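Structure first, commentary second.
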Amino acid sequence: MKAGRTQVEIIALYEELGSYRAVGALLGCDHKTVKKYVDAAGELGQSAPVLRRARITDGFVELIAERIGQSGGRITARRLMRIVRAAGYEGSERSLRRAVAEGKEAWRREQAAQGRVFRPWVSAPGEWLLCDWGAAGTVPTAAGPRKLSFFAGVLGWSRYRTLSFCCSERFPALAGGLAHSFETLGGVPGRVLFDNPKTVATQHVAGAAVLNPDLVRLAAHYRFSPRTTERQDPQSKGKVEAVVRFTKSDLIPYEGFESLDHANQSAREWCTEVNNQVHYETRVRPVERLAVERPLFGALPGARPHVAGGEQRKVDALATVRFCSARYSVPHRLVGETVFVSATDRDVVVIYDGVAVAQHPLLAPGDASITDEHYPSPAPTGVRSLRPRTASEQAFLALGGEAEDYLRRAAAAGTARLHERLQEALGLARTRGETETRAALARASTFGRFAHGDLESIADGLAASPPARVPDAAPLNLAGLPKVKVRDLCDYRRPA
C-alpha cells in the first residue's frame, strides 16, 4: 500500500502522461500498481478519496477520542493502553501512540474552532501599565532563607519593562514595587492593571472585584485608575506574563542570588539591557518609545506614601541603621548614604534608590540583626591570626596545621620558653623527618605535653615497633581423651 502522498502523485502523473508504464517508470513501481490506484480514483482524478490502509486501532477511535476529550487533551498513550486492552485491543503501543497523537490533533482543531478567539490588545501611549508577581526561589537573610519574589511591570504601548525583588508579596511590598516602577518610568500612567491577589481585590461580588481600601488610597496618592483582570485568565495580561517568564529564564541564575541587594542590582542591569534591545513586536527599542510616551504620564507626587517609603535613616560606619532602638545591617557600599526603613508586624525592609536592599525580622529594642553577606570580610571569630616574624617561626608554622595547633595550645597553657620548644621541633624535623614531627606535635597537643624533651620522647615512642602479636593457640584435639561418667544434679542435693 502506497502512502497517500504517493497515491496523489500517481494520479496526477497519469492525468498528465496518460500511460501506466510511463508513470511506473518515473515513480519506480509496477504499471499494474499505477492502474490499481487510477481505477480506484475513477473519473474524479486527484479529487478522489485516497485509499487508506486499515489500522488495528480503527475500532477504538471513538473510545480514544472520548478519553482525550474527558482529560482535556492531556491523557497519554501509556495510560490509555490499559483501557483499550480491556476493550480488546491487541496491537502495539506504538500504533496506539500514533492514534492518540492524531486524536489529540483533531481535538485541538475542534477546540480552536469552538473556543475563544483572541485579538491583539492595542494600548494607547501613556495609558496602561501591566503588573504581576513572580516567584524567584529563596535568598539568604538574617533570619535564614526567605522566599524571593519579584514585582514586574510593562507599559502596554512602549513595552518598557521594570523589575524589583523583595521577600514578601504583602501590600507594602506591592506599594514599594509600584512606586519603583513609577519612579523608573518618570511618571504615572493613567491605568494600572493588576491580577487578583488579596492585596488588590479583597473579594468578588457578581464578578466585580472589591478593591483593597489600601490600594484605593495608594491610587489616590499617585492619581491612577486601578483595574483587575478576569480571574484565572492569564491571556488577558499576556505582555506582563511574558516579562515574568523571561525573567525566570534569562535573569534568575540556577544557584540563586547571594542576597536581596544582589538580586536588585542584577534586575537593574537586566532591565537596562532588554529595554535597549529592539523589541520583536514593535521593531523599536522600548527606551525610545518611552521617550515619546513619558510626556503623557501624570506627574509624580513629591514623596512616596508612608506604606511604600518609610522613615529616613543614615547608614553609619558599621553599615547598620537604627530603627526603634534596634540595629539592622545593610550592604557596606551604602555607608554614609540615606535610606528608607519601613516595618510591618513581622519584618523590617531597608529601601535604597527605590528598591529593597535588606530585609530583617522585626527585633526588640537593643537587639541587632546582622547579615554576613552585607560585609566583605567574614564575621569575627575571636581567634587572633598568627603572624610569624622570625625565620624560625615561619619554618615552624610551615610544618602545617599540627604546628599551628601546638603553638596555640602551648601558648594558652602558659608554656615558658616556648621559642625553645619551636627550636626542638625544627631540630626533630631535620633528624626524624616532617612526617614524624607532625605526628609528635599532634600527640603533644592532645595530651598537653609542652615541657623540654617531650617532643623527642613522643617521637621515640611512636617510632618504637609495636609488640609482636601472639598467634592464636591451636584448637585442642579432644578425640583421643577418655570418656567419664557424668553425674546427675540430684547427686549434689544436700540431705534433708
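Bear in mind that the values here come from a model prediction, so they are computed numbers and not experimental data. Side chains included, hydrogens not; waters and symmetry mates left out as well; all remaining heavy atoms used.
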So how far is it from L155 CG to L290 CG, rounded to the nearest 0.5 Å?
6.5 Å

Answer whether the closest heavy-atom distance between the side chains of V357 and R333 falls below 4.5 Å.
yes

Taking all heavy atoms of T57 and all of A99, pick out the closest pair and write down the distance.
OG1-CB, 3.7 Å

More than 12 non-hydrogen atoms from neighbouring residues, nucleotides or ligands closer than 6.0 Å to CZ on R85, yes or no?
yes

Return each pair, listed once, that meets side-chain hydrogen bond (donor to acceptor under 3.5 Å, both in side chains) where at least one residue sits in residues 299-319; pairs must be two or more places apart or across chains.
E183-R304, E311-R313, D316-T320, D316-R327

Quiz question: by atom type and distance under 3.5 Å, do the side chains of E66 and Q70 form a donor-acceptor pair?
yes

Please name all residues satisfying side chain to side chain donor-acceptor pair (under 3.5 Å) with S92, sequence neighbours left out, ordered by chain then number.
S95

Euclidean distance, L260 CG relative to S164 OG, rounded to 0.5 Å:
9.5 Å

Taking the side chain as every heavy atom from C-beta outward, state whether P189 and E127 have any atom pair closer than 4.5 Å.
no

Tell me if a side-chain donor or acceptor on S71 pairs with a main-chain N or O of I68 at a distance below 3.5 Å.
yes

Results of side chain to side chain contact (heavy atoms under 4.5 Å, CB included) for E273 - residues two or more places apart only
Q277

Is it true that, when you exclude R322 itself, more than 12 heavy atoms of the residues, nucleotides or ligands shown sit nearer than 6.0 Å to its CZ?
yes

Any donor-acceptor pair under 3.5 Å from T371 side chain to H374 backbone:
no

Closest non-hydrogen atom pair, A308 against G176
CB-N, 3.9 Å

Could you please spell out the steps behind the ring-ring contact (aromatic ring centres under 6.0 Å, His included) verdict for Y14 and Y20?
CA-CA 7 Å; Y14 179 76; Y20 299 138; 4.8 Å; yes

Which atom of A209 lies closest to which atom of A201, heavy atoms considered:
CB-CB, 4.0 Å

Step by step, work out the side-chain contact (heavy atoms from CB on, under 4.5 Å) result for W128 and L193.
CA-CA 7 Å; W128 284 99; L193 183 67; 3.8 Å; yes

Check: V188 and R223 side chains under 4.5 Å, non-hydrogen atoms:
no

For V139, the side chain to side chain contact (heavy atoms under 4.5 Å, CB included) test, sequence neighbours excluded, returns T141, L148, C167

Okay, side chain of D367, backbone of L363: is any donor-acceptor separation there less than 3.5 Å?
no

Decide yes or no on ring-ring contact (aromatic ring centres under 6.0 Å, His included) for H360 and Y328, but give the supporting numbers first.
CA-CA 7 Å; H360 300 269; Y328 303 93; 5.6 Å; yes

If you look at every heavy atom in G134 and E169, which pair is closest and at what distance?
O-OE2, 4.4 Å

Would you say the side-chain atoms of T247 and R245 include a donor-acceptor pair closer than 3.5 Å?
no

Kindly give the heavy-atom pair with the smallest separation between L211 and P226, and that separation in Å.
CD1-CG, 3.7 Å

If the threshold is 4.0 Å, N to carboxylate O, is there a salt bridge linking E62 and R67?
no

Measuring from R74:CZ to K104:NZ, what's the distance to the nearest 0.5 Å?
10.0 Å

Heavy-atom side-chain proximity of I370 to Y375 below 4.5 angstrom
yes

Report, one line per pair, each donor and acceptor closer than 3.5 Å where one atom sits in a side chain of residues 24-32; sequence neighbours left out.
| unit_1 | atom_1 | unit_2 | atom_2 | d |
| --- | --- | --- | --- | --- |
| D30 | OD2 | K32 | N | 2.8 |

Can you tell me how far apart CD (E102) and CD1 (I64) are? Round to the nearest 0.5 Å.
9.5 Å

Flag the pair F340 / V350 as yes when at least one side-chain heavy-atom distance between them is below 4.5 Å, and no otherwise.
no

By side chain to side chain contact (heavy atoms under 4.5 Å, CB included), which residues pair with R346, not counting sequence neighbours?
R170, T344

Please report the C-alpha distance between L129 and V154 in whole Å, then the side-chain angles of each, then the deciding distance to 0.1 Å, and finally whether the side-chain contact (heavy atoms from CB on, under 4.5 Å) criterion is met.
CA-CA 6 Å; L129 173 68; V154 58; 5.7 Å; no

Report yes if the side chains of F194 and L130 come closer than 4.5 Å at any heavy-atom pair, otherwise no.
no

Taking N196 for the side chain and T229 for the main chain, is one N or O donor matched with an acceptor at less than 3.5 Å?
yes

Side-chain (N264) to main-chain (D261) donor-acceptor, under 3.5 angstrom:
no

Taking the side chain from Y89 and the backbone from R82, do they hold a donor-acceptor pair closer than 3.5 Å?
no

If a pair satisfies side-chain hydrogen bond (donor to acceptor under 3.5 Å, both in side chains) and one of its residues is in residues 211-222, list it, with sequence neighbours excluded.
D214-R217

To the nearest 0.5 Å, what is the distance between OG on S225 and CZ on R227?
4.0 Å

From CG (L251) to CD (E269), nearest 0.5 Å:
9.5 Å

Any pair counted as salt bridge (Lys or Arg N to Asp or Glu O under 4.0 Å), so long as it reaches residues 146-168, sequence neighbours left out
R146-D347

For residues 278-300, the salt bridge (Lys or Arg N to Asp or Glu O under 4.0 Å) pairs (sequence neighbours left out) are R285-E288

Evaluate the side-chain proximity of S168 to S149: yes if any heavy-atom separation is below 4.5 Å, no if none is.
no

Residues, nucleotides or ligands: over 12 heavy atoms within 6.0 Å of E258 CD
no

Tell me every residue that passes ring pair (Phe, Tyr, Trp, His ring centres under 6.0 Å) with F224, counting only those two or more places apart in sequence or in another chain.
F182

If we only count heavy atoms from C-beta on, is the V200 to D195 side-chain gap below 4.5 Å?
no

Has D405 got a side-chain atom pairing as donor or acceptor with G401's backbone, closer than 3.5 angstrom?
no

Nearest heavy atoms of A358 and S329, plus distance in Å:
CB-O, 3.8 Å

For F151, give me all partners under ring pair (Phe, Tyr, Trp, His ring centres under 6.0 Å), at least two apart in sequence or on another chain.
W133

How would you list, by chain and number, every residue that makes a side chain to side chain contact (heavy atoms under 4.5 Å, CB included) with T184, sequence neighbours excluded?
Y160, T162, H180

side-chain contact (heavy atoms from CB on, under 4.5 Å) assessment of F257 paired with I252
CA-CA 8 Å; F257 294 106; I252 301 175; 4.3 Å; yes

Evaluation steps, side-chain contact (heavy atoms from CB on, under 4.5 Å), between V330 and V335:
CA-CA 8 Å; V330 299; V335 172; over 6 Å; no

